[in-house]
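Step one of this worksheet: look at the structure below.
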Amino acid sequence: MASSPVPRTSPSGLSRPEIGDVVVDWYATAARDLPWRRPGVDAWAVLVSEVMLQQTPVARVEPVWRAWLERWPTPADLAEATPAEVIRAWGKLGYPRRALRLREAAVAVVERHGGVVPAEVAALEALPGVGTYTARAVACFGYGQAHPVVDTNVRRVVARVLHGRAEAGTARAADLDDVLALTPTDPDRAVRFSVAAMELGALVCVAGTPRCGVCPVRDLCAWRLAGSPPDDGPPRRVQKFAGTDRQVRGRLLDVLRAAHHPVEAAGLDAVWDDAVQRSRCLDSLLTDGLVEQTADGLFTLPGS
DNA sequence: GAATCGTGGGA
DNA sequence: TTCCCAAGATT
């Protein structure tokens, strides 16, 4: 591990790196051929992919990722772009604040690291929009370092295989230790395990109905061995969308993305009937730096 | 710890 | 049709 020594045990006292070895071998035969996994993809391209993939399906990311890197092949290139340009290039991936933060991260990489994406987890975590997961993903997938990389897929795999629970609870710091308990001891295999565990969660140990029949660790899985008990935790709240500020913000931004000239406030009235909510959302977009008001009171994407 | 922040495909 | 949810980060 490149990180500080951590006991290879979970809070439940289990230490089962042999499970990790099985998952690594399965990955060699079952992995998807995703563009950001190909040889020669640098840490910048990996960082872009990781930010785009936050809460966003692979299929939606692929074309945007390709176009993005063709246009801004290095952090220095993106650092010179305007917010309006990156918001438009982000398209409809969702959560457009990610686009602004990615640009801010590019600026930080230029200013703090000479234009080279840093390889240290701490330096990566200090970049805008880069948290616990993304920092380790870049260090691991972009630089080949062994780190526990814990996303929602991995937390679900750990919950089932290691803890015998149907669903993962809220993310916690101890998740990193749980993953270490499953990680192969060989450094090279540890690196491959990080991507392999994510892939297992994405393809086999999925939310909803897991495909245990084709799972490489079905006979080692604590949840399966316990008889696949149903989730006993509190039902997790489904996030609403219809009628929320998120929907309204999305519609407002959609108009401004399409308009290549500043728009009057009245030009935004059609997107939502509730004027109070509409106004609140426009204000929040201004606060977030996703929208800018011109000197004559019109609205537009920032820096356009 | 809980709430917030987009979007659209699939069960 | 409705509901679930997809490689999180930030506050």
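Spacing between C:dA7 and B:dG10 at atom P, rounded to whole Å, works out to 15 Å. On the P atoms, C:dC3 is 22 Å away from B:dG6, given to the nearest whole Å.
To the nearest angstrom, C1' of C:dA7 lies 13 Å from CD of A:Glu62. Rounded to whole angstrom, the span from the CG atom of A:Leu203 across to the C1' atom of C:dA6 amounts to 13 Å. Distance, A:Met198 CE to C:dG8 C1': 11 Å, rounded to whole Å. What separates CZ of A:Arg155 from P of C:dG8 is a distance of 9 Å, to the nearest Å.
For the segment residues 35-53 of chain A, residues with any heavy atom less than 4.0 angstrom from an atom of DNA chain C are, sorted by number, A:Trp36, A:Arg37, A:Glu50, A:Leu53. Near DNA chain C, meaning a heavy atom under 4.0 Å away, the residues from residues 116-130 of chain A are A:Pro128, A:Gly129, A:Val130.
By the 4.5 Å heavy-atom criterion applied to side chains, A:Leu127 and A:Arg112 are counted as neighbours.
Heavy atoms from other residues, nucleotides or ligands lying under 6.0 Å from CD of A:Glu120 number 12 at most. Around CD of A:Glu18, the count of heavy atoms belonging to other residues, nucleotides or ligands within 6.0 Å exceeds 12.
Heavy-atom distances to DNA chain C give each of A:Arg101 and A:Lys240 a nearest nucleotide, and the one nearer the 5′ end belongs to A:Lys240.
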Sugar-phosphate atoms are those with a prime plus P, OP1 and OP2; base atoms are the rest. Using that split, label each nucleotide of nucleotides 2-11 of chain B B, S or - for protein heavy atoms under 4.0 Å, 5' to 3'. -S-BBBB---
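Rounding to the nearest 0.5 angstrom, the gap separating the CZ atom in A:Phe193 from the CG atom in A:Leu182 is 5.0 Å.
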Side-chain donor-acceptor contacts of residues 208-223 of chain A below 3.5 Å, not counting sequence neighbours, with atom names and distances?
| unit_1 | atom_1 | unit_2 | atom_2 | d |
| --- | --- | --- | --- | --- |
| A:Arg211 | NH2 | A:Leu203 | O | 3.2 |
| A:Arg218 | NH1 | A:Cys215 | O | 2.7 |
| A:Trp223 | NE1 | A:Pro229 | O | 2.7 |

Between side-chain atoms of residues 268-277 of chain A and protein atoms elsewhere (two or more places apart, or another chain), which donor-acceptor pairs fall under 3.5 Å?
| unit_1 | atom_1 | unit_2 | atom_2 | d |
| --- | --- | --- | --- | --- |
| A:Asp269 | OD1 | A:Arg278 | NH2 | 3.0 |
| A:Trp272 | NE1 | A:Gln277 | OE1 | 2.7 |
| A:Asp274 | OD1 | A:Val276 | N | 3.0 |
| A:Asp274 | OD1 | A:Gln277 | N | 3.1 |
| A:Gln277 | NE2 | A:Gly243 | O | 3.0 |
| A:Gln277 | NE2 | A:Asp245 | OD1 | 2.9 |

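Test A:Thr152, A:Val154, A:Val149 against A:Tyr133 for side-chain contact (heavy atoms from CB on, under 4.5 Å) and you get one pass: A:Val149.
For the 3.5 Å distance criterion, the side chains of A:Arg88 and A:Ser304 fail to qualify, holding no donor opposite an acceptor.
No engagement by A:Ala137 is indicated, since no non-hydrogen atom pair under 4.0 Å with the nucleic acid exists. Note on A:Arg32: a base of the nucleic acid sits closer than 4.0 angstrom, heavy atoms only.
An OP1 or OP2 oxygen of C:dA6 is reached within less than 4.0 angstrom by a side-chain nitrogen or oxygen of A:Arg156.
Remark: A:Thr244 pairs with no residue by the side chain to side chain donor-acceptor pair (under 3.5 Å) rule, at least two apart or across chains.
The nearest pair of heavy atoms linking A:Cys205 to A:Val157 is CB-CG2, 3.8 Å.
Salt-bridge check for A:Asp232 with A:Arg165: failed, with every basic side-chain N at 4.0 Å or more from each acidic carboxylate O.
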